Amino acid sequence: MKLLAKLQEIPYRVVYLLVLTAIVLPFVIELRLPIFVSNETLMAYNTIEQLPDTQIVIFVSSWDAGIKGELWPQTEALMRHMMQRGIKFAIMSQIAQGASFAEEIAERVAKLYNRKYGVDWCNWGFLTGDAAMIQALTKNIPKTVQKDFRGTPLEDIPMMQGIKDISNVSLIIDIDYGPRPEWISFVHGPYGTPIIFGCASIVSSTLFPYIDSGQLVGLLVGVRGATEYESLLRYRGMGHNLIIPQSLAHLLIVILVVLGNIGYLVARKLR
Amino acid sequence: MRGFVIKMLTFLAGLFYFLEFILPAKIGRYNNPLTPYIQPVGEFLIVFWGFAIGVGALSLMVSHYRKIKFKRPGWAYSIVFFIAMLAMMIAVYLNSTRPTPKARFMYELLFTHMYMPLGATIFSLLALFMASAAYRGMKVRTLEGAVMVLSAIIVMLGQVPIGLWLTHKLPTRVQLPRISAWILNVANTAAYRAVIFGIAIGAIAMAIRVWLSLEKEMEVK
(Lines give C-alpha, C1' and ligand atoms only; values in the text may rest on other atoms or scores of the structure.)
Protein backbone atom coordinates (compact mmCIF):
# COMPACT_ATOMS: atom_id res chain seq x y z
CA MET A 1 0.00 0.00 0.00
CA LYS A 2 2.89 2.33 0.85
CA LEU A 3 4.27 1.61 -2.61
CA LEU A 4 0.96 2.65 -4.16
CA ALA A 5 1.04 5.87 -2.13
CA LYS A 6 4.44 6.66 -3.67
CA LEU A 7 2.81 6.81 -7.12
CA GLN A 8 2.05 10.50 -6.46
CA GLU A 9 5.77 11.21 -5.88
CA ILE A 10 7.31 10.31 -9.26
CA PRO A 11 10.30 12.69 -9.67
CA TYR A 12 9.79 15.41 -12.28
CA ARG A 13 12.93 14.26 -14.15
CA VAL A 14 11.31 10.84 -14.70
CA VAL A 15 8.12 12.56 -15.96
CA TYR A 16 10.19 14.63 -18.41
CA LEU A 17 12.03 11.50 -19.61
CA LEU A 18 8.75 9.64 -20.15
CA VAL A 19 7.27 12.58 -22.11
CA LEU A 20 10.44 12.78 -24.23
CA THR A 21 10.26 9.03 -24.93
CA ALA A 22 6.57 9.24 -25.90
CA ILE A 23 7.32 12.09 -28.34
CA VAL A 24 10.44 10.53 -29.91
CA LEU A 25 9.15 6.93 -30.19
CA PRO A 26 6.90 7.49 -33.26
CA PHE A 27 9.89 8.87 -35.17
CA VAL A 28 11.69 5.55 -34.58
CA ILE A 29 8.82 3.08 -34.84
CA GLU A 30 6.18 3.82 -37.48
CA LEU A 31 2.72 3.96 -35.93
CA ARG A 32 -0.58 4.62 -37.70
CA LEU A 33 -3.83 5.54 -36.02
CA PRO A 34 -7.34 6.05 -37.47
CA ILE A 35 -8.32 9.68 -38.06
CA PHE A 36 -11.77 10.90 -36.99
CA VAL A 37 -12.79 14.00 -38.97
CA SER A 38 -14.57 16.44 -36.70
CA ASN A 39 -17.59 18.47 -37.76
CA GLU A 40 -15.81 21.85 -37.57
CA THR A 41 -12.97 20.69 -39.87
CA LEU A 42 -15.46 19.19 -42.33
CA MET A 43 -17.35 22.50 -42.38
CA ALA A 44 -14.14 24.35 -43.30
CA TYR A 45 -13.36 21.83 -46.05
CA ASN A 46 -16.87 22.03 -47.53
CA THR A 47 -16.77 25.84 -47.48
CA ILE A 48 -13.59 25.95 -49.55
CA GLU A 49 -14.89 23.19 -51.85
CA GLN A 50 -17.91 25.34 -52.70
CA LEU A 51 -16.10 28.69 -53.08
CA PRO A 52 -16.40 30.45 -56.43
CA ASP A 53 -13.09 31.24 -58.12
CA THR A 54 -14.24 34.72 -59.16
CA GLN A 55 -13.32 36.39 -55.88
CA ILE A 56 -10.29 36.29 -53.61
CA VAL A 57 -9.71 34.82 -50.18
CA ILE A 58 -7.90 36.81 -47.51
CA PHE A 59 -5.52 34.42 -45.73
CA VAL A 60 -4.40 35.94 -42.43
CA SER A 61 -1.33 34.10 -41.16
CA SER A 62 -0.42 35.66 -37.80
CA TRP A 63 1.75 33.04 -36.13
CA ASP A 64 5.42 32.81 -35.30
CA ALA A 65 8.06 30.15 -34.61
CA GLY A 66 6.74 29.28 -31.17
CA ILE A 67 3.45 27.88 -32.47
CA LYS A 68 4.86 26.62 -35.78
CA GLY A 69 4.23 22.98 -34.83
CA GLU A 70 0.45 23.43 -34.69
CA LEU A 71 -0.18 26.13 -37.28
CA TRP A 72 2.30 25.35 -40.07
CA PRO A 73 0.46 22.13 -41.05
CA GLN A 74 -2.89 23.97 -40.95
CA THR A 75 -1.56 26.75 -43.19
CA GLU A 76 -0.09 24.25 -45.63
CA ALA A 77 -3.25 22.11 -45.80
CA LEU A 78 -5.51 25.11 -46.47
CA MET A 79 -3.13 26.55 -49.09
CA ARG A 80 -2.94 23.18 -50.81
CA HIS A 81 -6.73 22.99 -51.00
CA MET A 82 -7.06 26.51 -52.44
CA MET A 83 -4.24 26.05 -54.95
CA GLN A 84 -5.67 22.68 -55.94
CA ARG A 85 -9.03 24.34 -56.69
CA GLY A 86 -7.46 27.39 -58.31
CA ILE A 87 -8.87 29.78 -55.71
CA LYS A 88 -6.89 33.01 -55.55
CA PHE A 89 -5.78 34.15 -52.12
CA ALA A 90 -3.90 37.06 -50.59
CA ILE A 91 -1.72 36.41 -47.56
CA MET A 92 -1.44 39.01 -44.83
CA SER A 93 -0.26 39.01 -41.25
CA GLN A 94 -0.97 41.00 -38.12
CA ILE A 95 2.44 40.18 -36.63
CA ALA A 96 5.84 40.95 -38.13
CA GLN A 97 7.07 37.40 -38.73
CA GLY A 98 3.82 35.85 -39.92
CA ALA A 99 4.02 36.94 -43.55
CA SER A 100 7.50 35.37 -43.96
CA PHE A 101 6.35 31.96 -42.74
CA ALA A 102 3.26 32.02 -44.94
CA GLU A 103 5.33 33.13 -47.96
CA GLU A 104 7.69 30.18 -47.47
CA ILE A 105 4.80 27.69 -47.34
CA ALA A 106 2.99 29.28 -50.30
CA GLU A 107 6.12 29.19 -52.48
CA ARG A 108 6.59 25.49 -51.69
CA VAL A 109 2.95 24.56 -52.34
CA ALA A 110 2.75 26.72 -55.50
CA LYS A 111 5.47 24.59 -57.11
CA LEU A 112 3.34 21.46 -56.56
CA TYR A 113 0.32 22.92 -58.36
CA ASN A 114 2.16 25.17 -60.83
CA ARG A 115 0.66 28.35 -59.41
CA LYS A 116 2.22 31.76 -60.05
CA TYR A 117 2.82 34.63 -57.67
CA GLY A 118 0.69 37.62 -58.55
CA VAL A 119 -1.71 35.51 -60.62
CA ASP A 120 -2.89 32.83 -58.17
CA TRP A 121 -1.61 34.16 -54.86
CA CYS A 122 0.09 37.22 -53.43
CA ASN A 123 1.42 38.42 -50.11
CA TRP A 124 0.29 41.76 -48.67
CA GLY A 125 2.79 41.42 -45.82
CA PHE A 126 2.47 42.80 -42.30
CA LEU A 127 -0.52 45.07 -41.67
CA THR A 128 -0.78 46.49 -38.18
CA GLY A 129 -3.72 48.32 -36.62
CA ASP A 130 -6.08 45.60 -35.36
CA ALA A 131 -9.73 46.73 -35.55
CA ALA A 132 -8.96 50.03 -37.31
CA MET A 133 -7.02 48.22 -40.04
CA ILE A 134 -9.78 45.61 -40.45
CA GLN A 135 -12.42 48.32 -40.82
CA ALA A 136 -10.27 50.25 -43.32
CA LEU A 137 -9.69 47.02 -45.27
CA THR A 138 -13.41 46.36 -45.61
CA LYS A 139 -13.94 49.81 -47.14
CA ASN A 140 -10.94 50.09 -49.48
CA ILE A 141 -8.40 47.28 -49.93
CA PRO A 142 -5.95 48.96 -52.40
CA LYS A 143 -5.67 52.11 -50.26
CA THR A 144 -5.20 50.17 -47.02
CA VAL A 145 -2.63 47.68 -48.37
CA GLN A 146 -0.97 49.81 -51.12
CA LYS A 147 2.04 47.52 -51.73
CA ASP A 148 2.67 43.81 -51.38
CA PHE A 149 5.38 42.08 -49.33
CA ARG A 150 7.85 42.48 -52.21
CA GLY A 151 7.20 46.22 -52.67
CA THR A 152 5.04 45.90 -55.81
CA PRO A 153 2.09 48.34 -55.94
CA LEU A 154 -1.21 46.47 -55.72
CA GLU A 155 -2.45 47.86 -59.04
CA ASP A 156 0.47 46.07 -60.77
CA ILE A 157 -0.53 42.66 -59.41
CA PRO A 158 -2.80 40.85 -61.92
CA MET A 159 -4.99 39.05 -59.37
CA MET A 160 -5.72 42.33 -57.54
CA GLN A 161 -7.31 43.95 -60.63
CA GLY A 162 -10.90 44.83 -59.79
CA ILE A 163 -10.50 44.03 -56.08
CA LYS A 164 -11.84 47.09 -54.31
CA ASP A 165 -13.41 46.18 -50.97
CA ILE A 166 -14.90 43.38 -48.89
CA SER A 167 -17.56 42.64 -51.52
CA ASN A 168 -14.76 41.16 -53.67
CA VAL A 169 -13.69 38.78 -50.87
CA SER A 170 -15.40 35.38 -50.68
CA LEU A 171 -13.79 34.11 -47.47
CA ILE A 172 -11.46 35.15 -44.67
CA ILE A 173 -9.18 32.60 -43.05
CA ASP A 174 -7.37 33.60 -39.86
CA ILE A 175 -4.62 31.26 -38.68
CA ASP A 176 -3.36 32.48 -35.32
CA TYR A 177 -2.52 31.19 -31.86
CA GLY A 178 -5.81 32.83 -30.79
CA PRO A 179 -7.63 34.23 -33.84
CA ARG A 180 -9.05 37.70 -33.39
CA PRO A 181 -12.83 38.04 -32.89
CA GLU A 182 -12.57 41.49 -34.57
CA TRP A 183 -12.91 39.68 -37.92
CA ILE A 184 -16.31 38.44 -36.76
CA SER A 185 -17.38 41.80 -35.28
CA PHE A 186 -16.25 44.05 -38.14
CA VAL A 187 -16.47 41.78 -41.19
CA HIS A 188 -18.89 38.88 -40.71
CA GLY A 189 -21.37 40.94 -38.69
CA PRO A 190 -21.88 43.89 -41.06
CA TYR A 191 -21.05 42.21 -44.39
CA GLY A 192 -21.77 38.50 -43.85
CA THR A 193 -18.36 37.39 -45.20
CA PRO A 194 -17.72 33.77 -44.15
CA ILE A 195 -14.80 33.23 -41.77
CA ILE A 196 -12.69 30.17 -40.96
CA PHE A 197 -10.37 30.17 -37.95
CA GLY A 198 -7.34 27.99 -37.36
CA CYS A 199 -6.05 28.04 -33.80
CA ALA A 200 -3.86 26.36 -31.21
CA SER A 201 -5.58 23.48 -29.39
CA ILE A 202 -5.40 25.22 -26.05
CA VAL A 203 -7.57 28.19 -27.12
CA SER A 204 -10.02 26.17 -29.22
CA SER A 205 -12.58 25.83 -26.42
CA THR A 206 -13.13 29.61 -26.56
CA LEU A 207 -14.05 29.47 -30.26
CA PHE A 208 -16.64 26.65 -30.29
CA PRO A 209 -19.47 29.08 -29.39
CA TYR A 210 -18.85 30.87 -32.72
CA ILE A 211 -19.27 27.58 -34.61
CA ASP A 212 -22.52 26.91 -32.80
CA SER A 213 -23.86 30.39 -33.59
CA GLY A 214 -22.86 30.15 -37.26
CA GLN A 215 -20.47 33.09 -37.05
CA LEU A 216 -17.64 30.76 -38.09
CA VAL A 217 -18.06 28.40 -41.03
CA GLY A 218 -15.14 26.21 -39.96
CA LEU A 219 -12.51 25.75 -37.29
CA LEU A 220 -9.19 23.92 -37.45
CA VAL A 221 -8.01 22.93 -33.98
CA GLY A 222 -4.24 22.55 -33.64
CA VAL A 223 -2.42 19.60 -35.15
CA ARG A 224 -5.61 17.52 -34.96
CA GLY A 225 -7.41 19.90 -37.31
CA ALA A 226 -4.48 19.92 -39.72
CA THR A 227 -4.34 16.10 -39.75
CA GLU A 228 -8.08 15.85 -40.39
CA TYR A 229 -7.81 18.35 -43.24
CA GLU A 230 -4.88 16.42 -44.72
CA SER A 231 -6.92 13.21 -44.60
CA LEU A 232 -9.78 14.97 -46.43
CA LEU A 233 -7.27 16.07 -49.10
CA ARG A 234 -5.86 12.53 -49.12
CA TYR A 235 -2.21 13.30 -48.41
CA ARG A 236 0.12 12.65 -45.48
CA GLY A 237 1.80 15.89 -44.46
CA MET A 238 3.34 17.39 -41.34
CA GLY A 239 0.05 17.00 -39.47
CA HIS A 240 0.09 13.22 -39.79
CA ASN A 241 3.72 13.14 -38.60
CA LEU A 242 2.99 15.25 -35.53
CA ILE A 243 -0.37 13.83 -34.40
CA ILE A 244 1.09 10.45 -33.38
CA PRO A 245 3.66 11.89 -30.91
CA GLN A 246 0.92 14.18 -29.60
CA SER A 247 -1.42 11.20 -29.15
CA LEU A 248 1.18 9.25 -27.19
CA ALA A 249 1.99 12.30 -25.05
CA HIS A 250 -1.72 12.78 -24.26
CA LEU A 251 -2.06 9.09 -23.33
CA LEU A 252 1.01 9.34 -21.09
CA ILE A 253 -0.35 12.44 -19.32
CA VAL A 254 -3.66 10.64 -18.71
CA ILE A 255 -1.82 7.60 -17.30
CA LEU A 256 0.28 9.87 -15.04
CA VAL A 257 -2.85 11.71 -13.81
CA VAL A 258 -4.54 8.38 -13.00
CA LEU A 259 -1.43 7.07 -11.22
CA GLY A 260 -1.07 10.34 -9.32
CA ASN A 261 -4.68 10.14 -8.15
CA ILE A 262 -4.29 6.47 -7.09
CA GLY A 263 -1.24 7.49 -5.07
CA TYR A 264 -3.09 10.46 -3.56
CA LEU A 265 -6.18 8.44 -2.56
CA VAL A 266 -4.09 5.62 -1.05
CA ALA A 267 -1.92 8.12 0.87
CA ARG A 268 -5.07 9.81 2.20
CA LYS A 269 -6.43 6.45 3.38
CA LEU A 270 -3.16 5.52 5.11
CA ARG A 271 -3.16 8.78 7.11
CA MET B 1 -4.88 72.43 -20.15
CA ARG B 2 -2.84 69.43 -21.41
CA GLY B 3 -5.10 67.02 -19.56
CA PHE B 4 -8.19 68.64 -21.10
CA VAL B 5 -6.78 68.39 -24.64
CA ILE B 6 -5.88 64.70 -24.17
CA LYS B 7 -9.33 63.91 -22.75
CA MET B 8 -11.04 65.81 -25.59
CA LEU B 9 -8.99 64.00 -28.27
CA THR B 10 -9.76 60.64 -26.65
CA PHE B 11 -13.46 61.48 -26.56
CA LEU B 12 -13.59 62.68 -30.19
CA ALA B 13 -11.66 59.63 -31.45
CA GLY B 14 -14.08 57.27 -29.72
CA LEU B 15 -17.11 59.34 -30.78
CA PHE B 16 -16.14 59.07 -34.45
CA TYR B 17 -16.07 55.27 -34.48
CA PHE B 18 -19.13 54.99 -32.22
CA LEU B 19 -21.26 57.26 -34.43
CA GLU B 20 -20.04 55.68 -37.69
CA PHE B 21 -21.00 52.22 -36.41
CA ILE B 22 -24.44 53.05 -35.02
CA LEU B 23 -25.65 55.50 -37.65
CA PRO B 24 -27.36 53.69 -40.55
CA ALA B 25 -25.64 53.58 -43.97
CA LYS B 26 -28.45 55.69 -45.42
CA ILE B 27 -30.36 58.37 -43.54
CA GLY B 28 -33.24 59.31 -45.89
CA ARG B 29 -31.62 60.55 -49.09
CA TYR B 30 -28.25 61.02 -47.42
CA ASN B 31 -25.45 58.54 -46.89
CA ASN B 32 -23.73 58.16 -43.53
CA PRO B 33 -21.40 61.24 -43.58
CA LEU B 34 -18.72 59.52 -41.48
CA THR B 35 -18.24 56.35 -43.58
CA PRO B 36 -15.96 57.99 -46.24
CA TYR B 37 -13.57 58.93 -43.42
CA ILE B 38 -13.20 55.40 -42.00
CA GLN B 39 -10.47 54.53 -44.47
CA PRO B 40 -8.20 57.60 -43.99
CA VAL B 41 -8.69 57.50 -40.20
CA GLY B 42 -7.81 53.81 -40.30
CA GLU B 43 -4.65 54.63 -42.30
CA PHE B 44 -3.69 57.24 -39.72
CA LEU B 45 -4.16 54.69 -36.92
CA ILE B 46 -2.05 52.12 -38.80
CA VAL B 47 0.80 54.68 -38.93
CA PHE B 48 0.14 55.47 -35.25
CA TRP B 49 0.40 51.76 -34.37
CA GLY B 50 3.70 51.67 -36.26
CA PHE B 51 4.95 54.47 -34.01
CA ALA B 52 3.84 52.44 -30.97
CA ILE B 53 6.00 49.51 -32.16
CA GLY B 54 8.91 51.93 -32.59
CA VAL B 55 8.36 53.35 -29.11
CA GLY B 56 8.33 49.81 -27.72
CA ALA B 57 11.63 49.00 -29.40
CA LEU B 58 13.13 52.29 -28.19
CA SER B 59 11.97 51.63 -24.63
CA LEU B 60 13.58 48.18 -24.74
CA MET B 61 16.85 49.68 -25.99
CA VAL B 62 16.87 52.32 -23.23
CA SER B 63 16.19 49.68 -20.58
CA HIS B 64 19.06 47.45 -21.76
CA TYR B 65 21.39 50.43 -22.18
CA ARG B 66 20.78 51.41 -18.55
CA LYS B 67 21.48 47.84 -17.48
CA ILE B 68 24.87 47.96 -19.23
CA LYS B 69 25.66 51.48 -17.99
CA PHE B 70 25.03 50.69 -14.32
CA LYS B 71 26.30 47.09 -14.55
CA ARG B 72 23.08 45.63 -13.14
CA PRO B 73 22.84 41.80 -12.77
CA GLY B 74 22.64 40.14 -16.21
CA TRP B 75 24.13 43.16 -18.05
CA ALA B 76 26.14 40.84 -20.33
CA TYR B 77 22.86 39.58 -21.80
CA SER B 78 21.96 43.16 -22.65
CA ILE B 79 25.08 43.33 -24.85
CA VAL B 80 23.89 40.12 -26.54
CA PHE B 81 20.51 41.83 -27.06
CA PHE B 82 22.10 44.77 -28.91
CA ILE B 83 24.33 42.50 -31.04
CA ALA B 84 21.36 40.28 -31.98
CA MET B 85 19.12 43.27 -32.75
CA LEU B 86 21.72 44.98 -34.94
CA ALA B 87 22.58 41.78 -36.76
CA MET B 88 18.91 41.05 -37.55
CA MET B 89 18.23 44.66 -38.61
CA ILE B 90 21.22 44.64 -40.98
CA ALA B 91 20.32 41.20 -42.38
CA VAL B 92 16.67 42.12 -43.05
CA TYR B 93 17.59 45.56 -44.48
CA LEU B 94 20.18 44.10 -46.88
CA ASN B 95 17.93 41.20 -47.89
CA SER B 96 15.06 43.63 -48.65
CA THR B 97 17.02 46.36 -50.45
CA ARG B 98 20.06 44.54 -51.91
CA PRO B 99 19.24 40.81 -52.05
CA THR B 100 22.70 39.45 -52.93
CA PRO B 101 23.50 35.77 -52.16
CA LYS B 102 25.51 36.87 -49.07
CA ALA B 103 22.60 38.98 -47.78
CA ARG B 104 20.18 36.12 -48.40
CA PHE B 105 22.53 33.71 -46.57
CA MET B 106 22.79 36.05 -43.57
CA TYR B 107 19.01 36.46 -43.43
CA GLU B 108 18.42 32.68 -43.72
CA LEU B 109 21.05 31.96 -41.06
CA LEU B 110 19.61 34.41 -38.54
CA PHE B 111 15.88 34.01 -39.21
CA THR B 112 15.34 30.46 -40.51
CA HIS B 113 18.18 28.65 -38.79
CA MET B 114 18.44 30.54 -35.47
CA TYR B 115 15.29 32.55 -34.64
CA MET B 116 12.78 29.89 -35.77
CA PRO B 117 14.37 26.93 -33.93
CA LEU B 118 14.93 29.07 -30.79
CA GLY B 119 11.29 30.20 -30.79
CA ALA B 120 10.03 26.66 -31.30
CA THR B 121 12.35 25.34 -28.55
CA ILE B 122 11.12 27.83 -25.95
CA PHE B 123 7.50 26.97 -26.69
CA SER B 124 8.16 23.23 -26.76
CA LEU B 125 9.43 23.36 -23.17
CA LEU B 126 5.81 23.95 -22.24
CA ALA B 127 5.00 20.33 -23.14
CA LEU B 128 7.24 19.08 -20.34
CA PHE B 129 6.00 21.66 -17.80
CA MET B 130 2.36 20.94 -18.60
CA ALA B 131 2.85 17.18 -18.22
CA SER B 132 4.47 17.69 -14.82
CA ALA B 133 1.87 20.29 -13.75
CA ALA B 134 -1.03 18.04 -14.83
CA TYR B 135 0.44 15.09 -12.93
CA ARG B 136 0.89 17.14 -9.74
CA GLY B 137 -2.13 19.44 -9.98
CA MET B 138 -5.01 17.27 -11.19
CA LYS B 139 -5.92 15.57 -7.93
CA VAL B 140 -9.47 14.44 -7.15
CA ARG B 141 -10.28 16.13 -3.84
CA THR B 142 -13.98 16.91 -4.36
CA LEU B 143 -16.86 15.75 -6.58
CA GLU B 144 -16.44 18.81 -8.83
CA GLY B 145 -12.73 18.01 -9.08
CA ALA B 146 -13.58 14.47 -10.15
CA VAL B 147 -15.92 15.75 -12.90
CA MET B 148 -13.21 18.14 -14.07
CA VAL B 149 -10.52 15.44 -14.18
CA LEU B 150 -12.85 13.01 -15.96
CA SER B 151 -13.79 15.65 -18.57
CA ALA B 152 -10.12 16.51 -19.06
CA ILE B 153 -9.24 12.85 -19.63
CA ILE B 154 -12.10 12.34 -22.12
CA VAL B 155 -11.27 15.52 -24.08
CA MET B 156 -7.50 14.86 -24.06
CA LEU B 157 -7.96 11.37 -25.47
CA GLY B 158 -10.90 12.24 -27.72
CA GLN B 159 -9.07 15.09 -29.45
CA VAL B 160 -6.30 12.80 -30.75
CA PRO B 161 -6.55 9.60 -32.88
CA ILE B 162 -5.64 7.39 -29.92
CA GLY B 163 -9.10 8.03 -28.46
CA LEU B 164 -10.74 6.54 -31.54
CA TRP B 165 -8.28 3.65 -31.56
CA LEU B 166 -9.03 2.82 -27.90
CA THR B 167 -12.82 2.87 -28.36
CA HIS B 168 -13.39 1.97 -32.03
CA LYS B 169 -15.08 -1.31 -31.09
CA LEU B 170 -17.71 0.45 -28.98
CA PRO B 171 -20.97 1.84 -30.45
CA THR B 172 -20.37 5.15 -32.28
CA ARG B 173 -22.30 7.18 -29.69
CA VAL B 174 -19.97 6.23 -26.83
CA GLN B 175 -16.67 6.49 -28.69
CA LEU B 176 -14.28 8.99 -27.11
CA PRO B 177 -14.18 11.46 -30.06
CA ARG B 178 -18.00 11.74 -30.00
CA ILE B 179 -18.18 12.27 -26.24
CA SER B 180 -15.31 14.76 -26.47
CA ALA B 181 -17.11 16.63 -29.27
CA TRP B 182 -20.29 16.77 -27.14
CA ILE B 183 -18.35 18.17 -24.17
CA LEU B 184 -16.76 20.86 -26.37
CA ASN B 185 -19.78 21.74 -28.53
CA VAL B 186 -22.51 21.59 -25.87
CA ALA B 187 -21.27 21.80 -22.28
CA ASN B 188 -18.21 23.98 -22.96
CA THR B 189 -20.07 26.21 -25.44
CA ALA B 190 -22.84 26.93 -22.93
CA ALA B 191 -20.38 27.73 -20.14
CA TYR B 192 -18.04 29.79 -22.30
CA ARG B 193 -20.94 31.71 -23.84
CA ALA B 194 -21.86 32.81 -20.30
CA VAL B 195 -18.24 33.84 -19.73
CA ILE B 196 -18.21 35.81 -23.03
CA PHE B 197 -21.35 37.70 -21.98
CA GLY B 198 -19.71 38.63 -18.69
CA ILE B 199 -16.48 39.68 -20.39
CA ALA B 200 -18.40 41.67 -23.01
CA ILE B 201 -20.37 43.60 -20.38
CA GLY B 202 -17.17 44.26 -18.46
CA ALA B 203 -15.44 45.35 -21.66
CA ILE B 204 -18.28 47.77 -22.50
CA ALA B 205 -18.07 49.28 -19.01
CA MET B 206 -14.28 49.57 -19.27
CA ALA B 207 -14.46 51.02 -22.79
CA ILE B 208 -16.90 53.73 -21.65
CA ARG B 209 -14.62 54.58 -18.70
CA VAL B 210 -11.58 54.85 -21.01
CA TRP B 211 -13.57 56.80 -23.64
CA LEU B 212 -14.73 59.33 -21.05
CA SER B 213 -11.28 59.34 -19.35
CA LEU B 214 -12.78 58.23 -16.06
CA GLU B 215 -9.94 55.80 -15.29
CA LYS B 216 -7.57 57.00 -12.53
CA GLU B 217 -4.52 55.76 -14.49
CA MET B 218 -5.43 58.19 -17.28
CA GLU B 219 -5.12 61.22 -14.99
CA VAL B 220 -2.49 63.60 -16.41
CA LYS B 221 -0.31 64.85 -13.53
Side-chain angles (χ1 to χ4, degrees), chain A residues 8 10 12 15-16 18-20 23 33-36 38-39 64-69 96-97 100 104 127-130 132-133 135-137 139-140 143-144 151 201 204-206 208-209 211-212 221-222 224 227 243-244 246-254 256-261 264-265, chain B residues 17 35-36 38-46 48-50 52-53 96 111-112 115-120 122-124 127-128 130-132 134-136 138-141 149 152-153 155-166 168 175 177-178 181 184-185 188-190 192-193 195-196:
Chain A
Q8 65 168 341
I10 300 173
Y12 67 89
V15 172
Y16 292 166
L18 288 170
V19 171
L20 196 62
I23 289 168
L33 292 168
I35 305 295
F36 168 82
S38 60
N39 185 48
D64 62 8
I67 198 67
K68 176 184 163 185
Q97 312 92 317
S100 303
E104 193 180 327
L127 294 172
T128 185
D130 287 341
M133 181 274 295
Q135 280 188 293
L137 205 64
K139 303 274 192 281
N140 195 325
K143 266 198 167 178
T144 307
S201 312
S204 63
S205 58
T206 65
F208 278 97
I211 288 280
D212 185 65
V221 176
R224 193 248 304 163
T227 312
I243 197 68
I244 308 295
Q246 186 178 17
S247 299
L248 294 181
H250 278 213
L251 184 63
L252 175 69
I253 290 170
V254 167
L256 286 172
V257 166
V258 169
L259 290 177
N261 276 288
Y264 170 73
L265 291 168
Chain B
Y17 274 103
T35 302
I38 275 283
Q39 205 272 325
V41 170
E43 274 182 29
F44 168 75
L45 285 174
I46 289 168
F48 213 65
W49 249 281
I53 293 171
S96 310
F111 186 75
T112 310
Y115 169 75
M116 277 172 60
L118 279 171
I122 295 296
F123 222 89
S124 64
L128 302 168
M130 288 201 35
S132 177
Y135 165 67
R136 272 167 230 296
M138 288 172 79
K139 296 277 170 20
V140 177
R141 292 184 176 91
V149 169
I153 288 172
V155 171
M156 277 189 74
L157 291 178
Q159 290 292 290
V160 287
I162 211 153
L164 180 61
W165 180 75
L166 288 170
H168 69 279
Q175 286 175 357
R178 296 262 181 216
L184 286 170
N185 287 310
N188 165 74
T189 293
Y192 199 72
R193 196 164 272 158
V195 170
I196 290 174

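Below, chain A is the first sequence line, B the second, and so on; all start at residue 1. Here the structure is a predicted model, which is why all the values come from computation and not from measurement. Hydrogens, waters and symmetry mates are skipped; everything else that's a heavy atom, side chains included, is used.
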Chain B interface, residue from [options] that has the most non-hydrogen pairs under 4.5 Å:
{"options": "A:Asp212, A:Ile23, A:Thr227, A:Leu265", "answer": "A:Asp212"}
{"options": "A:Ser247, A:Ala132, A:Gly260", "answer": "A:Ser247"}
{"options": "A:Gln135, A:Glu104, A:Met133", "answer": "A:Gln135"}
{"options": "A:Val19, A:Ile35, A:Asn261", "answer": "A:Asn261"}
{"options": "A:Ile67, A:Ile244, A:Val15", "answer": "A:Val15"}

Are [X] and [Y] side-chain neighbours, meaning at least one heavy-atom pair lies under 4.5 Å?
{"X": "A:Leu251", "Y": "B:Leu166", "answer": "yes"}
{"X": "A:Val257", "Y": "B:Val149", "answer": "yes"}
{"X": "B:Ile153", "Y": "A:Val258", "answer": "yes"}
{"X": "A:Lys139", "Y": "B:Thr35", "answer": "yes"}

Measure [X] against the heavy atoms of chain B and call it side chain, backbone, both or neither at under 4.5 Å.
{"X": "A:Lys143", "answer": "both"}
{"X": "A:Ser100", "answer": "side chain"}
{"X": "A:Leu137", "answer": "neither"}
{"X": "A:Asp64", "answer": "side chain"}
{"X": "A:Ser38", "answer": "neither"}

Please report the shortest heavy-atom distance between [X] and [Y], naming the atom on each side.
{"X": "A:Ser205", "Y": "B:Asn188", "answer": "O-ND2, 2.8 Å"}
{"X": "A:Thr128", "Y": "B:Gly50", "answer": "CG2-N, 4.2 Å"}
{"X": "A:Leu33", "Y": "B:Ile162", "answer": "CD1-N, 4.0 Å"}
{"X": "B:Met116", "Y": "A:Ala65", "answer": "O-CB, 3.3 Å"}

Main-chain N/O of A:Pro209 paired to B:Arg193 side chain as donor or acceptor, under 3.5 Å: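 Such a contact is found between B:Arg193 side chain and A:Pro209 backbone.
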Between A:His250 (side chain only) and B:Met156 (backbone N and O only), is there a donor and an acceptor less than 3.5 Å apart?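 The answer is yes, because a donor-acceptor pair under 3.5 Å joins these two groups.
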How far does [atom1] of [X] sit from [atom2] of [Y], to the nearest 0.5 angstrom?
{"X": "A:Leu256", "Y": "B:Met138", "atom1": "CG", "atom2": "CE", "value": "11.5 Å"}
{"X": "B:Leu184", "Y": "A:Asn39", "atom1": "CG", "atom2": "CG", "value": "12.0 Å"}
{"X": "B:Thr189", "Y": "A:Ile211", "atom1": "OG1", "atom2": "CD1", "value": "9.5 Å"}
{"X": "B:Ser132", "Y": "A:Leu18", "atom1": "OG", "atom2": "CG", "value": "11.5 Å"}

Contacts of B:Arg136 that satisfy salt bridge (charged side-chain N to carboxylate O under 4.0 Å, His left out) - sequence neighbours left out: none
Select, from B:Phe123, B:Trp49, B:Tyr115, the one with the greatest count of heavy-atom pairs under 4.5 Å involving chain A. B:Trp49
With chain A, which of B:His168, B:Arg178, B:Gln175, B:Met130 has the greatest number of heavy-atom pairs at distances under 4.5 Å? B:Arg178
For [X], which atoms come within 4.5 Å of any heavy atom of chain A: side chain, backbone, both, or neither?
{"X": "B:Ala131", "value": "both"}
{"X": "B:Phe44", "value": "neither"}
{"X": "B:Leu118", "value": "neither"}

Residue list, ring-ring contact (aromatic ring centres under 6.0 Å, His included) with A:Phe208, at least two apart or on another chain: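 Not a single residue meets the ring-ring contact (aromatic ring centres under 6.0 Å, His included) criterion with A:Phe208.
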Side chains of A:Gln8 and B:Tyr135: is there a donor and an acceptor less than 3.5 Å apart? no
